[in-house]
2 protein chains.
Amino acid sequence: MARIAAEPLRRAEIVQATIQEIGLAGTLEVTVAQIAKRAGVSAALAHHYFGSKEAIFLAAMRHVLAIYGAEVRGALATAHEPRARIEAIVRVSFSSTNFRREVIAAWLNFYVLAQTMPEARRLLEIYRRRLHSNLTHDLRPLVGARAGAVAEGLGALIDGVYLRQALRQRAPDRQAAAQLVMGCLEAELAQGMPA
Amino acid sequence: MARIAAEPLRRAEIVQATIQEIGLAGTLEVTVAQIAKRAGVSAALAHHYFGSKEAIFLAAMRHVLAIYGAEVRGALATAHEPRARIEAIVRVSFSSTNFRREVIAAWLNFYVLAQTMPEARRLLEIYRRRLHSNLTHDLRPLVGARAGAVAEGLGALIDGVYLRQALRQRAPDRQAAAQLVMGCLEAELAQGMPA
DNA sequence: GTGGATTAATTGACTCGTCAATCAAGAAAC
DNA sequence: GTTTCTTGATTGACGAGTCAATTAATCCAC
């Protein structure tokens with residue numbers, strides 16, 4: 001062996017730098033050199049560890065999705081009432097970790113990435129399905145057969161709020177964003193079970 | 001003078017080709033050569049008429065927004081009841097002209113474009129503001145002071161449905177999409193005026 | 001009408017920059 | 001002295017934008 005394991009550290013640094021660069025540029029048109037520079041390494045090293053630019057993007061995506069997933073799991077672990085669980089998911093979606101400039105820009109660009117990279121599409125599909133499944137599960141006791149449709153709506157709404165935030169110049173207003181989705185949830189819950 | 005005016009025709013063809021290429025690629029990473037080839041002209045001609053790739057993208061964007069705007073105006077012209085007007089806007093948003101593969105992909109990428117091009121951002125802002133204004137106007141008599149918030153929600157939801165459709169492989173289901181948004185609208189209207 | 005003059009339309013070939021990916025070699029740990 | 005870590009230099013491809021040249025329609029003077 002030689003040296004302490006630098007690989008995991010470097011990989012993490014490069015992934016972080018990738019998210020930051022995408023956030024700063026607002027685009028996937030970021031060069032490996034830029035990413036590497038921000039990570040404090042050479043472009044060659046980034047290629048050495050990841051093999052390709054695509055792989056770097058995928059790693060960044062996995063990271064963002066992993067963080068989100070972990071937070072959701074954490075929040076759900078301590079919420080037991082259906083209503084509270086749904087609110088927990090919404091709150092995590094607009095937490096300070098996830099609902100911030102770079103990450104929002106990253107999400108937007110991941111959707112673009114998914115247009116050309118099957119693996120990226122697959123990752124987003126997993127996120128979408130899990131969100132849908134979580135929401136449906138806890139909506140069932142509240143709105144019965146409408147659970148699926150309402151879950152679909154909430155999911156789309158969350159994505160829409162992200163998309164629109166990407167357009168804004170101002171810093172994300174987590175409170176307002178969460179409130180907006182909660183309002184819609186409120187209205188749907190008031191509808192109750194289907195007639 | 002010389003020849004019949006070919007310029008407007010060519011411009012339109014190039015704009016069409018641009019939307020198609022973006023739709024096909026799912027990305028803004030399309031070459032001017034590709035666009036020109038699809039339009040049946042040389043890349044040099046595209047540059048001649050538009051000056052730059054950015055200008056081509058902006059023209060494509062203006063075209064998509066103009067079509068959408070025109071359809072909305074048309075639909076609103078024959079709807080007078082608030083409820084009918086709101087439904088008209090939703091229906092247009094998921095009309096066969098707007099809610100189809102290429103145009104959806106184009107929208108997604110226009111959001112990315114807006115991250116770097118102020119003019120693109122401006123155009124999307126105008127779309128957003130007009131939608132918000134239209135919805136708020138007709139929501140006022142139905143939900144009173146909540147009109148603004150509900151309009152914001154509906155707008156975000158529509159954008160979200162577009163975003164999610166961009167991820168799907170299947171052809172867009174206009175009926176289902178419109179139904180989803182209508183369902184949310186329904187729930188919000190049932191809430192009525194704020195207490 | 002007719003034949004240049006004028007002007008728009010159109011393009012192939014070229015330039016110049018950029019960037020992903022490679023490689024061979026150097027530095028540093030153990 | 002072996003292995004990992006790291007990089008500068010290089011390559012090869014690609015693509016936006018330019019330009020000079022060609023084509024062809026229309027006008028006008030006669």
Side-chain angles (χ1 to χ4, degrees), chain A residues 1-22 24-61 109-110 112-113 115-120, chain B residues 1-22 24-61 109-110 112-113 115-120:
Chain A
M1 286 289 181
R3 277 202 193 184
I4 42 137
E7 176 158 352
L9 177 62
R10 291 282 171 271
R11 287 185 97 101
E13 285 172 339
I14 292 168
V15 161
Q16 270 310 120
T18 303
I19 295 165
Q20 282 179 30
E21 279 297 315
I22 292 177
L24 207 61
T27 298
L28 293 173
E29 279 167 49
V30 190
T31 68
V32 174
Q34 284 172 341
I35 292 170
K37 183 170 182 183
R38 179 171 294 271
V41 298
S42 70
L45 193 68
H47 274 105
H48 172 67
Y49 281 134
F50 289 93
S52 73
K53 191 182 181 179
E54 284 203 346
I56 295 175
F57 282 156
L58 280 179
M61 222 174 138
N109 282 286
F110 291 161
V112 173
L113 205 60
Q115 304 293 306
T116 48
M117 287 179 51
E119 179 64 7
Chain B
M1 288 294 179
R3 281 203 192 180
I4 41 137
E7 176 158 351
L9 177 63
R10 291 282 172 272
R11 288 186 95 102
E13 286 172 339
I14 292 169
V15 161
Q16 269 310 121
T18 303
I19 295 165
Q20 283 178 30
E21 278 298 316
I22 292 178
L24 206 63
T27 295
L28 294 174
E29 279 167 49
V30 257
T31 69
V32 173
Q34 283 172 341
I35 293 170
K37 182 170 185 183
R38 178 170 294 270
V41 297
S42 69
L45 194 68
H47 274 106
H48 174 67
Y49 281 135
F50 288 94
S52 73
K53 191 180 179 181
E54 284 202 347
I56 295 176
F57 283 155
L58 279 180
M61 223 175 137
N109 282 287
F110 291 161
V112 174
L113 205 59
Q115 304 293 306
T116 48
M117 288 180 49
E119 180 65 6

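Note on naming: letters A, B, ... go to the chains in the order of the sequence lines (proteins, then strands), and numbering restarts at 1 for each one. Quick caveat, the model's predicted, so the values are computed rather than measured.
In this structure, Phe50(B) atom CZ and dA9(C) atom P are separated by 13 Å, rounded to whole Å. Per the geometry, CD belonging to Glu29(A) stands 19 Å off P belonging to dG17(C), to the nearest Å. A straight line from CD of Glu21(B) to P of dG15(D) spans 12 Å, rounded to a whole angstrom. What separates CD1 of Ile14(B) from P of dA16(D) is a distance of 14 Å, to the nearest Å.
With sequence neighbours excluded, the residues forming a side-chain hydrogen bond (donor to acceptor under 3.5 Å, both in side chains) with Gln20(B) are Arg38(B), listed by chain and number. In terms of the side-chain hydrogen bond (donor to acceptor under 3.5 Å, both in side chains) criterion, Gln16(A) has no residue partners (sequence neighbours excluded). Applying the side-chain hydrogen bond (donor to acceptor under 3.5 Å, both in side chains) test to Glu29(A) and every residue at least two apart in sequence or in another chain returns nothing. When the side-chain hydrogen bond (donor to acceptor under 3.5 Å, both in side chains) test is applied to Glu13(B), the partners found at least two apart in sequence or on another chain are Arg10(B).
For the OP1/OP2 pair of dA9(C) and a distance below 4.0 Å, the side-chain nitrogens and oxygens of Tyr49(B) include at least one atom meeting the criterion. Remark: Arg10(B) is in phosphate contact with dT10(C), judged by side-chain N or O atoms under 4.0 Å from OP1 or OP2.
Looking at Leu28(A) and Ile22(A), their side chains come closer than 4.5 Å, going by heavy atoms from C-beta outward.
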Polar atoms only, N or O, under 3.5 Å: list the protein pairs with nucleotides 19-21 of chain C and their distances.
{"residue": "dA20(C)", "atom": "OP1", "partner": "Lys53(A)", "partner atom": "NZ", "Å": "2.7"}
{"residue": "dA20(C)", "atom": "OP2", "partner": "Val32(A)", "partner atom": "N", "Å": "3.1"}
{"residue": "dA21(C)", "atom": "OP2", "partner": "His47(A)", "partner atom": "NE2", "Å": "3.1"}
{"residue": "dA21(C)", "atom": "OP2", "partner": "Lys53(A)", "partner atom": "N", "Å": "2.8"}

Table of protein N/O atoms under 3.5 Å from nucleotides 11-14 of chain C N/O atoms:
{"residue": "dT11(C)", "atom": "OP2", "partner": "Ser42(B)", "partner atom": "N", "Å": "2.9"}
{"residue": "dT11(C)", "atom": "OP2", "partner": "Ser42(B)", "partner atom": "OG", "Å": "3.1"}

Check your understanding: Could you go step by step and tell me if Ile19(A) and Val15(A) meet the side chain to side chain contact (heavy atoms under 4.5 Å, CB included) rule?
Key -> CA-CA 6 Å; Ile19(A) 295 165; Val15(A) 161; 4.2 Å; yes
Practice item. Please assess Leu58(B) against Phe110(B) for the test side chain to side chain contact (heavy atoms under 4.5 Å, CB included), listing each intermediate value before the final yes or no. Key: CA-CA 9 Å; Leu58(B) 279 180; Phe110(B) 291 161; over 6 Å; no
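Using modelled atom types, one side-chain atom of Asn109(A) and one backbone atom of Gly26(A) make a donor-acceptor pair closer than 3.5 Å.
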